[in-house]
Amino acid sequence: MEDIEKFEEILNYKFKDKSLLIQALSHSSYANEKKKSRVSNERLEFLGDSVLSIVVSQYLFEHLTHIAEGELTKLRASLVCEKSLYLFAKQIHLGDFILLGKGEENTGGRERTSILADAFEAVIGAIFLDGGLESASKHILRFIPEDIQRLKKPAFSDFKTILQEIVQKNPEEKAEYVLAGEEGPDHDKRFVVEVHLNSNVIGEGTGKSKKEAEQMAAKQALELMGYET
């Protein structure tokens, strides 16, 4: 309970129902170890994701009246993507308070991007259930940059890292980048790279360097998997 109260101070929100916050901090690995005595944060994450989207959408709609719908969509995507949520989670030291199973604890789960991003959304869901949309909005909006328009271009473009973190959720799977071809003269060469998942091609990219082609291949793979890029 001491840790819970400390985290509430960081959140600047006092829960009426402490069990909601405990559930939001309970990773599935921890819940599985505790079995019937604990529920994971996955359902709260689902709810928090929706609350986050509507709050950010409303904020952008009301404050950026001169920006077209397409740009608003890109701005929202950059604010609610996994990498952004990870950084927001770091701001409130969320990793210090997550409840993890022994396996996740021993393999660096407190720093894993996906775990922190998911827990951040779960906390939003918990605040929403405990205090309503106004409380959830107040919490979310503290993370919106004052200079919001600087996010017109996606804040993160390391698609390889994002893809790798997604693939790592299934230890038996492995992403590999394969040079599929080269085009053009030496002074203006273009490289074609495929990204394979367990020998299946899941993306292809072209670039002026192998690294750029790999990034573009990862980007296509993420898009095909339904992730915002």
Could you grab the distance from atom CG of Leu44 to atom CD1 of Ile124, nearest 0.5 Å is fine? 11.0 Å
Examine the side chains of Thr73 and Glu69 and answer whether a donor and an acceptor come within less than 3.5 Å of each other. yes
Hey, are Glu9 and Lys14 close enough for a salt bridge, meaning a charged N less than 4.0 Å from a carboxylate O? no
Salt bridge Glu223-Lys219, side-chain N to carboxylate O under 4.0 Å: yes
Separation between CD1 (Ile140) and CD1 (Ile144), nearest 0.5 Å, reads 8.0 Å
Using a 6.0 Å cut-off, check whether atom CZ of Arg43 has over 12 heavy atoms from anything other than its own residue. no
Might you work through the salt bridge (charged side-chain N to carboxylate O under 4.0 Å, His left out) test for Lys18 and Glu8, ending with a clear yes or no? CA-CA 10 Å; Lys18 308 288 187 190; Glu8 285 180 319; 2.8 Å; yes
Taken to the nearest 0.5 Å, the spacing of Leu197 CG from Ile202 CD1 works out to 4.5 Å
Nearest 0.5 Å, what's the CZ-CD distance between Phe191 and Glu212? 10.5 Å
Counting heavy atoms not belonging to Ile10, are there more than 12 under 6.0 Å from its CD1? yes
Run through Glu104, Glu165, His27 and flag the one making a side chain to side chain donor-acceptor pair (under 3.5 Å) with Arg112. Glu104
Atom NZ of Lys208: over 12 foreign heavy atoms under 6.0 Å: no
Gly203 and Gln220: which non-hydrogen atoms are nearest, and at how many Å? CA-OE1, 3.3 Å
Would you call Glu111-Lys90 a salt bridge at under 4.0 Å N-O? yes
Look at atom CD of Glu134 and say whether more than 12 heavy atoms of other residues, nucleotides or ligands are closer to it than 6.0 Å. no
Over 60° means perpendicular and under 30° means parallel, so classify the ring planes of Phe88 and Phe120, tilted if in between. tilted
Rounded to the nearest 0.5 Å, the OG1 atom of Thr113 sits from the CD atom of Glu82 at a distance of 6.0 Å
Once the angle between the rings of Phe15 and Tyr13 is folded into 0 to 90°, is it parallel (under 30°), tilted (30 to 60°) or perpendicular (over 60°)? perpendicular
Please determine if Arg110 and Glu105 form a salt bridge, counting it only when a charged side-chain N lies under 4.0 Å from a carboxylate O. yes
Point-to-point distance, once rounded to the nearest 0.5 Å, from CZ of Arg76 to SG of Cys81: 12.5 Å
Can Ile98 be reached from Ile4 by stepping across I, L, V, M, F, W or Y side chains whose heavy atoms are under 4.5 Å apart? yes
Side chain of Arg190, backbone of Pro185: donor and acceptor closer than 3.5 Å? no
Search all heavy atoms of Leu99 against all heavy atoms of Ser26 and return the closest pair with its distance. CD1-OG, 3.6 Å
